[in-house]
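Read through the structure below, which is laid out as structure tokens, and then see the notes.
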Amino acid sequence: MMKKTLISLLSLLAVTSVKAQLPVYLDETRPVEERIEDALSRMTLDEKIAVIHAQSKFSSPGVKRLGFQDFWTDDGPHGVRPDVLWDEWEQAGQTNDSCVAFPALTCLAATWNPDLARLYGESLGEEALYRGKGMILGPGVNIYRTPLAGRNFEYMGEDPLLASRMVVPYIQGLQSMGVAACVKHYALNNDEEYRHQVNVVVSDRALHEIYLPAFKAAVTEGGTWGIMGAYNLYKNQHNCHNAILLNQILKGDWKYDGVVVSDWGGCHDTEEAIVNGLDMEFGSWTDGLTMGATNAYDSYYLALPYKRLIAEGKYTTKELDEKVRRVLRLFYRTTMKRTRPYGFLCSESHYDAALKIAQEGIVLLKNDRNVLPIRDAKRILVVGENAIKMMTVGGGSSSLKVQKEILPLDGVMARFKDAEVDYARGYVGDTVQSYNGVTVGRSIAEHRAADVLLAEAVEKARTADYVIVFGGLNKSDFQDCEGHDRKDYGLPYGQDKLIEELAKVNPRLVYVNISGNAVAMPWLKNVPAVVQGWFIGSESGEALASVLAGDVSPSGKLPFTWYQQLNDCGAHALNTYPGTWREGHKIIDEEYKEGIYVGYRWTDKQGIKPTFAFGHGLSYTTFKLGKVTADKPRMTADGQISFTVNVTNTGSVEGAETIQLYIHDKKSSIDRPQKELKAFQKVSLQPGESRDVTLTIGKDALSFYDETTAQWVAEPGVFEAWVGTASDKIAARVPFTLE
């Protein structure tokens with residue numbers, strides 16, 4: 001016994017002795033900032049330069065001499081992108097890099113459920129950990145300014161409050177796994193066409209009230225470890241090295257201590273990058289400037305060109321050391337954190353999370369005559385290319401290589417086993433099912449003429465109990481896709497005619513729109529049921545079928561305004577999109593003349609009735625809201641006020657309703673929107689169940705950005721809390737006073 005004790009004591013002394021000899025930068029008992037300074041003091045100039053720029057498509061070097069491993073990023077935000085070759089965009093051909101595709105962020109935002117955002121981040125973080133990634137390039141929180149923007153499907157809608165409340169738990173969930181979020185694209189990245197040339201001209205008020213709040217929440221509440229600069233310009237300076245956005249606002253006003261990462265190829269100038277806040281440069285081209293060279297990452301703007309300027313004495317290492325501090329802080333938060341959890345790939349829990357998020361995000365837009373849910377159907381006809389086309393492949397950097405993707409047709413066939421499920425193509429869109437070397441799914445080649453496909457669908461529809469059309473957009477160029485915007489608001493591939501003809505021959509027509517954007521619906525009055533199906537990833541077919549069948553009562557709410565026509569959108573009504581080429585320069589000036597009036601703020605101001613309002617979404621059950629009461633009649637400048645409403649499920653099935661609180665300023669010294677979303681809460685209720693929902697706001701919910709003082713101002717006076725279930729379904733207006 002004494003011998004065992006002696007051995008244990010000697011072992012403990014040996015460990016203690018080794019720990020005492022650890023250099024400060026490796027000693028986890030020391031404060032992180034102390035460890036950073038120690039590591040920085042040990043690094044050579046070449047090592048400092050190396051860690052602030054890429055060494056491959058998605059990695060930057062660590063400091064091997066000191067034990068810092070290489071740092072690997074990967075695209076998100078809907079799943080972990082398959083690995084590419086070290087120096088090329090083509091796939092590496094690995095067999096262990098398939099993933100779960102989670103719903104696109106428009107669908108996540110449509111859940112109006114922050115708890116699901118946390119689950120999303122945690123699940124994605126586990127997959128990233130398994131794949132050895134230190135940073136996921138997402139989530140995206142750029143504002144839905146126009147329904148033509150090709151990348152809207154990656155973002156969280158038009159409202160800054162909704163995006164803010166959904167992005168914070170996503171970040172916290174992801175980073176709880178020891179994987180950094182890299183919130184993008186900071187900022188004003190609302191166009192894809194000519195995105196490298198667009199110089200945004202926007203008022204300070206619109207910038208701070210509409211376009212920055214979600215980024216600010218990501219930093220000040222979510223604690224994001226990464227921010228990605230946008231491709232576009234603001235005040236004639238590229239946003240990856242923009243003095244106002246990065247130095248003044250992000251690192252100054254918001255006290256951001258993480259890294260600023262360039263979008264791939266978003267850096268354009270060494271000296272601007274040195275002084276204007278860029279910390280890590282990544283790029284599309286291997287020489288940082290043009291195509292054609294390989295393994296030439298030393299030519300990046302923050303590589304040898306930076307080192308030469310230091311050698312010439314134009315710059316000291318002051319700015320460089322600050323960048324390296326931030327990179328080291330990133331290392332300590334991720335790859336150097338010894339207590340990081342273990343990762344999992346394609347686990348049952350991840351598929352469950354993807355399914356639940358998809359089900360809660362699907363929006364029932366219209367349901368006349370209670371056509372849905374589908375009951376007692378003997379013959380169902382499924383129509384449309386989007387019923388058989390994989391949507392996890394394509395669309396740009398969010399393209400994935402999935403372990404599985406349940407297609408809508410397969411989901412319907414699996415759910416309605418007792419019915420005869422037939423299929424008609426109806427239209428042909430894009431039959432390509434590959435991207436960057438990933439080729440998956442069945443062939444959807446079709447060589448029959450459009451009129452033949454239309455006639456077949458109509459003929460089969462005549463005898464069907466239900467017709468389900470899966471249409472909308474896809475991930476091809478000029479649809480929902482990075483790099484290009486849509487060319488028009490209407491449905492492509494002749495789908496309008498198909499839908500109109502089907503509606504003539506079958507009264508139980510269900511249209512499921514697969515997209516990340518709103519579309520024109522000239523046939524809407526003739527179609528009894530419309531569902532917004534988004535791009536919802538691996539479990540898309542099962543999720544859609546479960547909602548259509550009524551296994552799940554839909555509870556999604558629109559995160560953007562669905563306009564009847566394009567000119568109902570402020571950016572188009574004022575002819576500000578897509579901007580004007582600057583004479584003699586390769587720059588487009590795009591002035592946001594609508595200012596703060598984006599989405600429902602614009603339609604409210606103009607008295608325009610949208611097709612579907614912001615926050616709209618139906619259910620298979622019904623809800624009743626009781627009287628809304630405030631806990632006090634007045635709010636002090638440093639206090640809060642709470643509003644409570646009783647919600648009852650008055651229907652026959654379980655369902656969830658989202659209570660939305662908008663603020664109306666009765667009298668203001670400046671022009672303000674009619675109402676602005678300031679709080680919301682989703683509540684799930686059994687049939688007959690009632691529950692009180694309380695929404696609390698502070699002075700910030702009453703404030704506007706005063707351009708004359710560059711401060712947020714809440715003017716004393718009378719306000720109203722408008723409480724309802726959509727921006728156009730306000731149940732009560734409760735006045736209160738700000739002292």
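Fair warning: this is a prediction, and the values are worked out from it, not measured in the lab. Only this structure's heavy atoms are used, side chains among them; waters, hydrogens and symmetry mates stay out.
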- prompt: side-chain hydrogen bond (donor to acceptor under 3.5 Å, both in side chains) between R379 and T463: does it pass, once the steps are laid out?
  reply: CA-CA 8 Å; R379 186 168 186 273; T463 57; 3.0 Å; yes
query: Can you find a pair of side-chain heavy atoms, one from L105 and one from Y170, that are under 4.5 Å apart?
result: yes
field: Carboxylate-amine/guanidinium proximity below 4.0 Å for K378 and D465
entry: no
task: Report the C-alpha distance between N386 and Y493 in whole Å, list the side-chain angles of each, state the deciding distance to 0.1 Å, and finish with yes or no for side-chain hydrogen bond (donor to acceptor under 3.5 Å, both in side chains).
output: CA-CA 12 Å; N386 281 358; Y493 314 130; over 6 Å; no
Aromatic centroids of H572 and Y577 separated by under 6.0 Å: yes
- prompt: Charged N to carboxylate O below 4.0 Å: is that the case for R448 and E446?
  reply: yes
query: Does one side chain, of N152 or Y144, offer a donor that lies under 3.5 Å from an acceptor on the other?
result: no
message: How long is the straight-line distance from CD of E385 back to CG of L409, given to the nearest 0.5 Å?
response: 13.0 Å
message: Can you tell whether the side chains of E539 and K356 come within less than 4.0 Å, N to carboxylate O?
response: no
- prompt: In terms of side-chain heavy atoms, does T561 have a donor or acceptor partner in E158 at a distance below 3.5 Å?
  reply: yes
- request: Quick one: closest heavy-atom pair of A110 and P559, and the distance?
  value: CB-CD, 4.0 Å
message: Whether D97 and K401 form a salt bridge (side-chain N of Lys/Arg under 4.0 Å from carboxylate O of Asp/Glu) is what I want to check.
response: yes
Heavy-atom pair with the smallest gap, counting every atom of M166 and N113: CE-O, 3.5 Å
field: The single option from W534, F612, W602 passing ring-ring contact (aromatic ring centres under 6.0 Å, His included) against F560
entry: W534
query: Can K133 be said to sit on top of F58's aromatic six-ring, NZ or CZ under 6.0 Å from centre and within 45° of the ring axis?
result: no
query: Would R118 and E122 pass as an ion pair if we require N to O under 4.0 Å?
result: yes
task: Just do the ring pair (Phe, Tyr, Trp, His ring centres under 6.0 Å) check on H196 and Y231 with the steps written out, would you?
output: CA-CA 5 Å; H196 296 273; Y231 282 132; 4.2 Å; yes
query: Please walk me through it: do Y351 and I406 pass side chain to side chain contact (heavy atoms under 4.5 Å, CB included)?
result: CA-CA 11 Å; Y351 284 112; I406 302 174; over 6 Å; no
message: Between N513 and S515, is the side-chain hydrogen bond (donor to acceptor under 3.5 Å, both in side chains) condition met? List the steps.
response: CA-CA 6 Å; N513 190 66; S515 77; 2.8 Å; yes
query: CD of E594 to CZ of R601: how many Å apart, nearest 0.5 Å?
result: 12.0 Å
message: Using ring pair (Phe, Tyr, Trp, His ring centres under 6.0 Å), reason through Y489 and W562 one step at a time and then give a plain yes or no.
response: CA-CA 11 Å; Y489 192 40; W562 198 297; 8.0 Å; no
- prompt: Between Y511 and W523, is the gap from one ring center to the other below 6.0 Å?
  reply: yes
- prompt: Do E154 and R151 sit within salt-bridge range, that is, some charged N less than 4.0 Å from a carboxylate O?
  reply: yes
- request: Answer yes or no: is there a donor N or O on one side and an acceptor on the other, between the side chain of S546 and the main chain of V552, under 3.5 Å?
  value: no
task: Indicate the atoms forming the closest heavy-atom contact of A461 with V467, along with that distance.
output: CB-CG2, 3.7 Å
field: K475 to F535, cation-pi by 6.0 Å centre distance and 45° axis angle
entry: yes
Stacked cation flag R486 on F478, 6.0 angstrom / 45 deg: no
query: Looking at K682 and E657, does any basic side-chain N land under 4.0 Å from a carboxylate oxygen?
result: no
